[in-house]
2 protein chains.
Amino acid sequence: MNDDAMDLRTRNKQATREAIGHAALRLAIEQGPNGLALVRVHDIASAAGVSPRTYNNYFSSREEAICAFQADQSRRVGQALRSRPSAEPLEEAVIAAVTELYTDPEPDRAGLAMIMSTPALEGEALKAFSMAEGPLAEAIAERTGTDPRRDLFPAVTAAAVAGAIRVAGRHWLQPGVTGSFATILRSALSCVFTAAPTTHGPGKAGGDGDD
Amino acid sequence: MNDDAMDLRTRNKQATREAIGHAALRLAIEQGPNGLALVRVHDIASAAGVSPRTYNNYFSSREEAICAFQADQSRRVGQALRSRPSAEPLEEAVIAAVTELYTDPEPDRAGLAMIMSTPALEGEALKAFSMAEGPLAEAIAERTGTDPRRDLFPAVTAAAVAGAIRVAGRHWLQPGVTGSFATILRSALSCVFTAAPTTHGPGKAGGDGDD
DNA sequence: ACCGGATGATGCGTGGCACGCAACCTGTGC
DNA sequence: GCACAGGTTGCGTGCCACGCATCATCCGGT
């Protein structure tokens with residue numbers, strides 16, 4: 001987007017950051033969820049073509065590097081919602097914005113699996129998803145005309161949306177679940193805006209005939 | 001509750017765990033959010049009356065030890081919901097269960113502030129709160145008669161509830177916010193079950209006290 | 001009450017990591 | 001072309017997680 005508007009310095013820095021993050025995730029996937037301890041900083045650094053010391057200038061832990069992509073993605077959620085027509089109802093706007101952002105490239109299954117099903121990565125993954133909440137809450141507050149400092153609705157909804165994205169991801173990764181991520185994501189987000197369904201019909205979710 | 005039903009061994013172990021967790025949180029509070037790096041493992045261990053090696057048998061990071069209490073609390077949420085009369089509507093049951101669990105002793109402001117406003121603790125704190133989601137989702141699924149493996153509603157709602165608790169905590173800690181934690185918590189949880197308030201009149205945050 | 005087994009608590013040693021520091025190299029603006 | 005700001009690298013330090021072997025303590029059966 002603004003890559004050309006940046007200094008060469010800045011662009012290189014960004015590229016380095018992405019290179020390290022990408023290398024970290026790739027190596028983590030190779031080792032699998034149980035071999036995370038085997039992914040040495042040295043390996044990540046050399047895979048990214050930088051010195052270990054430089055790696056450490058960008059990230060202060062392997063976990064942070066591995067989840068960098070998720071974190072970056074989360075940072076864009078607020079803006080994504082703002083870019084929806086303001087006439088659109090909140091529910092539709094949120095679903096459209098989130099779905100668009102998270103399915104432009106269908107997520108990398110292996111990467112998501114690594115990030116979401118590795119205990120040691122859990123904290124960082126949660127942190128990554130929660131990064132969306134602040135900006136999202138502001139965008140929601142703006143759209144609904146509420147004051148986020150006094151009304152909890154925007155923040156709670158933002159947290160719920162972030163949670164729904166997580167849940168959708170987890171569900172999508174489950175073996176035996178069919179359906180595109182987009183479908184599951186929409187379904188999960190719908191739940192956020194649907195008050196308690198005391199008796200709530202069967203088979204939503206990825207919901208085509210799997211039993 | 002079942003303390004007397006446990007083996008002496010088990011009880012001691014539990015006590016040690018709590019001692020370490022408590023010591024860790026106390027020391028962290030003393031150093032403040034910016035001095036977390038100064039809280040040495042050795043200090044925590046000796047403050048808890050155990051060897052550093054033993055500390056490491058219980059927790060594999062300072063963060064984990066500091067957030068142990070939050071984690072333990074989260075593990076009880078599922079059970080708390082199950083203990084509500086099954087005739088009660090989901091919303092009321094959840095609000096009652098969570099409020100009861102989180103306000104039996106009014107939370108320690110300093111401790112919560114430490115846990116929720118220290119970047120280095122953020123991941124572990126999120127992890128602690130998210131521990132409630134699994135059991136909570138199951139309890140919700142059971143109460144609403146939905147199959148959590150096919151329907152996303154239980155999991156999404158559980159995540160939303162966990163998020164609401166977090167948001168309530170953050171709001172409660174904000175300077176200038178009046179009102180008991182119980183009130184704020186109820187207000188936040190209400191948002192979860194309230195569909196989008198396109199025009200949403202009352203039902204604010206601190207509700208009673210503030211302007 | 002006694003004893004063998006199980007389980008937790010410790011000490012020690014090892015490998016790795018985060019980060020401060022200072023020198024070096026590379027774009028940038030004058 | 002030059003001096004400077006900013007990024008990269010190597011080195012050294014202190015801390016930490018964890019495997020292993022040992023010892024103390026608790027448990028259950030006889």
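Just so we're on the same page: letters track the sequence lines, and every chain starts at 1. For clarity, every value in this text was computed on a predicted model and none was experimentally measured.
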Next on the checklist: Looking at B/A96, is its backbone amide N or carbonyl O close enough to the side chain of B/T99 to form a donor-acceptor pair, meaning the two atoms are under 3.5 Å apart?
Outcome noted: no

Checklist entry - Taking DNA chain C as the partner, which of residues 55-65 of chain A come within under 4.0 angstrom of it by heavy atom? => result A/Y55, A/N56, A/S60, A/S61, A/R62

List the atom pairs, with distances to 0.1 Å, where a side-chain N or O of residues 19-33 of chain A and a protein N or O form a donor-acceptor pair under 3.5 Å, not counting sequence neighbours.
{"residue": "A/R26", "atom": "NH1", "partner": "A/E30", "partner atom": "OE2", "Å": "2.9"}

Item to check | Set of salt bridge (Lys or Arg N to Asp or Glu O under 4.0 Å) partners for A/E88, sequence neighbours left out | outcome: A/R84

Checklist outcome for this item: In 5'-to-3' order, the base (B), backbone-only (S) or no-contact (-) status of each nucleotide in nucleotides 23-30 of chain C, using a 4.0 angstrom heavy-atom cut-off, is ---BBS--

Item to check | d(CD1, A/I44; C1', C/dG16) in whole Å | outcome: 13 Å

Extract from the structure each pairing of a protein N or O with an N or O of nucleotides 11-14 of chain C at less than 3.5 Å, listing the distance.
{"residue": "C/dG11", "atom": "O6", "partner": "B/R53", "partner atom": "NE", "Å": "3.3"}

Checklist outcome for this item: dist A/R76:CZ -> A/L136:CG (nearest 0.5 Å) comes out at 14.0 Å

Next on the checklist: Restricting to side-chain hydrogen bond (donor to acceptor under 3.5 Å, both in side chains), what partner residues turn up for A/T54, sequence neighbours left out?
Outcome noted: A/S51

Item to check | Under the salt bridge (Lys or Arg N to Asp or Glu O under 4.0 Å) test, residues paired with B/D72 that sit two or more places apart | outcome: B/R17, B/R75

Indicate every side-chain donor-acceptor pair of residues 58-71 of chain B with a distance under 3.5 Å to a residue at least two apart or in another chain.
{"residue": "B/S60", "atom": "OG", "partner": "B/E64", "partner atom": "OE1", "Å": "3.0"}
{"residue": "B/S61", "atom": "OG", "partner": "B/E63", "partner atom": "OE1", "Å": "3.4"}
{"residue": "B/S61", "atom": "OG", "partner": "B/E64", "partner atom": "N", "Å": "3.1"}
{"residue": "B/E64", "atom": "OE1", "partner": "B/S60", "partner atom": "N", "Å": "3.4"}

Item to check | Nucleotide nearest B/T54 (side chain, heavy atoms from C-beta), chosen from C/dT10, C/dA18, D/dG7 | outcome: C/dT10

Item to check | Atom pair distance, as rounded to whole Å: CG in B/L38 and P in D/dC15 | outcome: 11 Å

Next on the checklist: What I'd like to find out is whether the side chain of B/R186 reaches to under 4.5 Å of the side chain of B/V98, using heavy atoms alone.
Outcome noted: no

Item to check | salt bridge (Lys or Arg N to Asp or Glu O under 4.0 Å) partners for B/E142, two or more places apart | outcome: B/R82

Next on the checklist: As an exercise, state the distance from CD1 of A/I115 to CG of A/L126, rounded to the nearest 0.5 Å.
Outcome noted: 12.0 Å

Next on the checklist: According to ring pair (Phe, Tyr, Trp, His ring centres under 6.0 Å), who are the partners of A/F181, at least two apart in sequence or on a separate chain?
Outcome noted: A/W172

Item to check | B/R40 CZ - D/dT13 C1' separation (whole Å) | outcome: 12 Å

Checklist entry - Are more than 12 heavy atoms from other residues, nucleotides or ligands located less than 6.0 Å from atom CD of B/E100? => result no

Checklist entry - Taking only residues at least two apart or on different chains, which pairs with a member in residues 36-47 of chain B satisfy side-chain hydrogen bond (donor to acceptor under 3.5 Å, both in side chains)? => result none

Checklist entry - Among residues 18-37 of chain B, which contact DNA chain C at a heavy-atom distance under 4.0 Å? => result none

